[in-house]
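Being a predicted model, the structure only gives us computed values, none of them experimental. Proteins get letters first, then strands, A, B, ... in listed order; numbering begins at 1 in each. Side chains included, hydrogens not; waters and symmetry mates left out as well; all remaining heavy atoms used.
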Amino acid sequence: MRYEEELNPVQLDAVKHIHGPLLVVAGAGSGKTRIITYRIAHLIESGIQPHSILGVTFTNKAADEMRKRVQGLVNRSPLISTFHSFCALLLRKEIHHLGYSRNYVIYDEVDSRNLVKQILGGDEVFAAFSPKEIATSISYAKNRGITPRQYAAKARTTAEKLIARSYDEYQRRLKENGAVDFDDLLILAVELLEKFPEVLQRYQDRYRYILVDEYQDTNRLQYRLIYLLAQKHKNICAVGDPDQSIYQWRGADITNILNFERDFPGATVITLEQNYRSTGLILEAANNVIKHNKERKEKKLWSELEEGHKPVYYLAEDDRLETEFVANTVYELHMRDNIPYRDIAVFYRTNAQSRVFEEQFFIYKIPFVVIGNVGFYERKEIKDIVAYLRILTAPDDSLSLIRIINTPPRGIGAKTIERIGAFAGKHKLTAHEALKRIDEVEDVGPGIRKRISGFVEMLEEFRSKMNELRPLELTRLLIEKVGFLDDLRKDRERGEDRVENVEEFLSAISLFEDECPEGTLEEFLQQTSLFSDIDSWDSDEDRVALMTMHNSKGLEFPVVFIPGLEESLSPHQNSLDSRSMLEEERRLFYVCLTRAKERAYLTSAMQRLRFGEITERFPSRFIGEITDDLLEKQGEELVTPSSSKDFFVPSQDWDEKPVVRKKNQAALFAEGDKVGHPLYGEGTVIEVEESPAGQLCRIRFLKDDETKTIAAKFARMTKL
DNA sequence: ATTCTGGAAATTTTT
DNA sequence: TTTCCAGAAT
């Protein structure tokens, strides 16, 4: 490959470097991804085996993309994953050393919070503290490498003592449930490598060449992990930019990148300051802002690209008009300048801000996709199904068990669950074991007993089928057996959406089966718990992307909108009285602005609706930090509500829904059809309903004369 | 045991 | 405005 033609001399130095520690300080848009991919390609072309290379990125999406690019260059690819996925992989093979089961379950944030809630439970002293706050504090401590014991030793205030106790109990219950949380993945991986030198050595010799992206956002545990792995061969390449550090609030430690040369003596340091992404004026505006940070190593990006357009600043009267301006401008750019929707993005500070844009874009028929918000796997209906599947693979996960024992409702209430819990506690049993001995639990009525044992038997039945059935088939049968769809459809308002989500979940399993023909249910579950919303975003679809400022990291778009640039939103209220937090807010804004290739639109509102109440707002200080000659101002009087209306008149014939989802609907069954079902046997279709999830059939089955609603697409039914 | 109801709270950012 | 939760009604 001709590296000289594809890279500038500085980039080339970074790419051609093979042995020893290397730090690449890569300013925004300086070709960071390019360097990493070409460097991997170069390593492989120099005769290094792909399997001895490890690449670590921030998101699964970034990892996928990088893998594809390397694949495109040299037709081979090493392991590239996120820190968390890598740790999960490592632990899957080695966790037994630490006394955990290999089939451990990964708890996400919601699970963690529920567990904390459970711990605080009956104790009224704790009522003053929210489970969320405590969960956050615990996570914060964990990311700093503080153990429960260390925390307890240092605790002084009542709150700290409470957190200390909760933390300790939290860890105990995690282990009891055979579960680990996100933070544990890192903690346990580090613990494993520290306590078992022979394991460490194996992995050191396996991954001789390590690359870490977004190094400025690694925390102490992640640093430790990399340090351990790279200690022997010292072939570590870290790429990052201190000006783009935006995760200190969750424990990212900027000193990791600042002390690189101290930690890896003899390191080569390469700094990239030429920007290839943004046109001149946008870049200059960004430089303007970031230079206001005090805690910063001087660095000035420059560009050979043309000056381009000035960033536009629009001050709206209120948030409604702000979104209208954005929608108008998007519409104009699309219609007049033929800019595809996929080239446009909106970055806001808080997820709550997305709503008004969704509504406005909907009115304007502008196709869009919201990235982030409530992640797919965090939706209740999906978490419920996942809980069922987890229980099959890991019976001890009592959190999941409690979640599903009465979902859908089967007459097992809070009181009963409490009694079972007490029984389990008394006899030192897991919830699962206690359920099996339900006959010994006192004060439980005969009807309830019967339902519980029925429930337990059903789980056993499915568990025994786990080996013979593929995950998709198993999940389908489970959903039908439990009557999950019937339950969802009881919700008149959102039932259809939920059924549709279930459908999407099944598609995800199907995709997994295609990709990993040998993949087990456990592996699927582990993979999904480390999935984030941005990972599944298809950037080829022609839609405007809506996401938080944090999610914009690592991306680029020709056109970028940054709304809500007001004091108390950006910079955020909670950061106003700390200089370091304020500087992080500034970096965040800087990151967003440098995503823009050709056009940037910055907007603020003077009034904003908050919880249905009007609040007064002031333009962000960040706007003031950009010199006037760099901004094209479009103020209140320039685009008033009336004149903005002139931009856009929705035409009458645009009647189709702007956001169209592809559906592969096939008319499968009709009323009166005789059908055979793998679980229920023979039946007759008595009603067919078309839904977003395809046909839903009400079917009366001969066996016990029962009527059930079944999604035709997913049931393996045959016409008789 | 489940569903309904009204009052209170909610919004920082996430692997 | 929407979401959440405790207590009341079924």
Side-chain angles (χ1 to χ4, degrees), chain A residues 56-63 81-88 106-110 112 117 127 130-132 135-136 139-140 142-143 180-186 214 217-219 221-222 245-252 319-320 347-356 359 371-375 377-378 380 405-418 444-445 447-448 451 487 490-491 493-494 528-535 547-553 564 568-576 581 584-585 587-589 591-592 608-615:
Chain A
V56 185
T57 61
F58 208 68
T59 61
N60 291 300
K61 184 179 168 63
S81 73
T82 63
F83 271 104
H84 293 269
S85 313
F86 175 72
C87 291
I106 301 172
Y107 278 4
D108 67 14
E109 207 187 320
V110 181
S112 297
K117 208 183 270 176
S130 78
K132 196 177 154 193
T136 307
S139 173
Y140 198 76
K142 291 174 86 166
N143 271 300
V180 305
D181 66 12
F182 283 157
D183 306 323
D184 283 335
L185 288 171
L186 301 172
E214 310 282 9
D217 281 323
T218 50
N219 66 26
L221 290 164
Q222 291 164 331
S245 156
I246 55 173
Y247 283 103
Q248 284 177 41
W249 58 271
R250 78 169 199 216
D319 49 345
R320 198 87 235 171
F347 305 142
Y348 35 77
R349 180 65 238 268
T350 67
N351 278 306
Q353 284 170 265
S354 76
R355 176 172 232 121
V356 273
E359 287 166 4
I371 295 150
N373 248 353
V374 188
Y377 289 102
E378 278 162 33
K380 305 126 223 106
I405 194 165
N406 202 30
T407 314
R410 44 174 79 86
I412 303 166
K415 264 265 131 55
T416 308
I417 292 170
E418 204 178 286
V444 177
I448 297 175
R451 280 186 295 242
D487 185 54
K490 280 187 198 141
D491 183 348
E493 281 163 52
R494 260 170 302 201
T528 56
S529 46
L530 294 173
F531 226 70
S532 71
D533 211 39
I534 198 165
D535 298 332
M547 68 187 85
T548 61
M549 292 178 157
H550 283 85
N551 267 321
S552 78
K553 176 154 104 161
S568 85
L569 198 53
S570 178
H572 194 270
Q573 181 71 51
N574 302 1
S575 306
L576 290 180
M581 286 165 83
E584 180 151 307
E585 295 284 318
R587 289 192 296 270
L588 185 57
F589 175 63
V591 166
C592 289
R608 186 172 290 278
L609 224 48
R610 199 168 173 259
F611 306 142
E613 259 181 62
I614 295 170
T615 55

Q: Taking salt bridge (Lys or Arg N to Asp or Glu O under 4.0 Å) as the definition, give me every residue that meets it alongside A:K553, ordered by chain and number, with sequence neighbours left out.
A: A:E214, A:D217
Q: Could you pull out the protein-nucleic contacts involving nucleotides 1-11 of chain B (nitrogen or oxygen on both sides, under 3.5 Å)?
A:
| from | atom 1 | to | atom 2 | distance (Å) |
| --- | --- | --- | --- | --- |
| B:dA1 | OP2 | A:G413 | N | 2.8 |
| B:dA1 | OP2 | A:T416 | OG1 | 2.9 |
| B:dT2 | OP1 | A:G411 | N | 2.8 |
| B:dT2 | OP2 | A:N406 | ND2 | 2.8 |

Q: A:T136: what forms a side chain to side chain donor-acceptor pair (under 3.5 Å) with it, not counting sequence neighbours?
A: none
Q: Under 4.0 Å: is that the gap between some side-chain N or O of A:N143 and OP1 or OP2 of B:dT15?
A: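 Result: no.
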Q: Given B:dT15, is OP1 or OP2 found less than 4.0 Å from the side-chain N or O atoms of A:S532?
A: yes
Q: In whole Å, what is the span from the CG atom of A:D535 to the P atom of B:dT14?
A: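 After rounding, the reported distance stands at 13 Å.
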Q: Please answer whether B:dT12 and A:W249 are stacked, defined here as ring centres separated by less than 5.5 Å and planes angled under 30°.
A: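 No; centroid distance or tilt outside limits.
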Q: Are any of A:T59's side-chain N or O atoms less than 4.0 Å away from OP1 or OP2 of B:dT15?
A: no
Q: Can you name the side chain to side chain donor-acceptor pair (under 3.5 Å) partners of A:R587, sequence neighbours left out?
A: A:E584
Q: Sequence neighbours left out, what passes salt bridge (Lys or Arg N to Asp or Glu O under 4.0 Å) with A:D183? Give chain and number order.
A: none
Q: In whole angstroms, how far is the P atom of B:dT14 from the OH atom of A:Y377?
A: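 Nearest whole value for this atom pair: 19 Å.
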Q: Flag the pair A:F347 / A:F589 as yes when their ring centroid distance falls below 6.0 Å, and as no otherwise.
A: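 No, the ring centres sit 6.0 Å or more apart.
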Q: List the residues meeting salt bridge (Lys or Arg N to Asp or Glu O under 4.0 Å) with A:E418, not counting sequence neighbours, and say none if there are none.
A: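 For A:E418, no residue satisfies salt bridge (Lys or Arg N to Asp or Glu O under 4.0 Å) once neighbours in sequence are set aside.
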Q: Describe, in one word, how the ring planes of A:Y377 and A:F531 are oriented to each other, choosing from parallel (under 30°), tilted (30 to 60°) and perpendicular (over 60°).
A: perpendicular
Q: Looking at residues at least two apart in the chain, or sitting in another chain, which of them share a side chain to side chain donor-acceptor pair (under 3.5 Å) with A:S81?
A: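 Side chain to side chain donor-acceptor pair (under 3.5 Å) list for A:S81, sorted by chain: empty.
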Q: Please give, in whole Å, the distance from C:dT1 P to A:R320 CZ?
A: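 Distance, rounded to whole Å: 12 Å.
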Q: Go through the structure and list residues passing side chain to side chain donor-acceptor pair (under 3.5 Å) with A:R410, not counting sequence neighbours.
A: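 Per chain and number, A:R410 pairs via side chain to side chain donor-acceptor pair (under 3.5 Å) with A:Y388.
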Q: Would you say a side-chain N or O of A:N551 is under 4.0 Å from OP1 or OP2 of B:dT14?
A: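 Yes, such a contact exists.
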Q: So which protein N/O to nucleotides 5-10 of chain C N/O distances come out below 3.5 Å?
A:
none

Q: In whole Å, I'd like the distance from the OH atom of A:Y348 to the P atom of B:dT13.
A: 10 Å
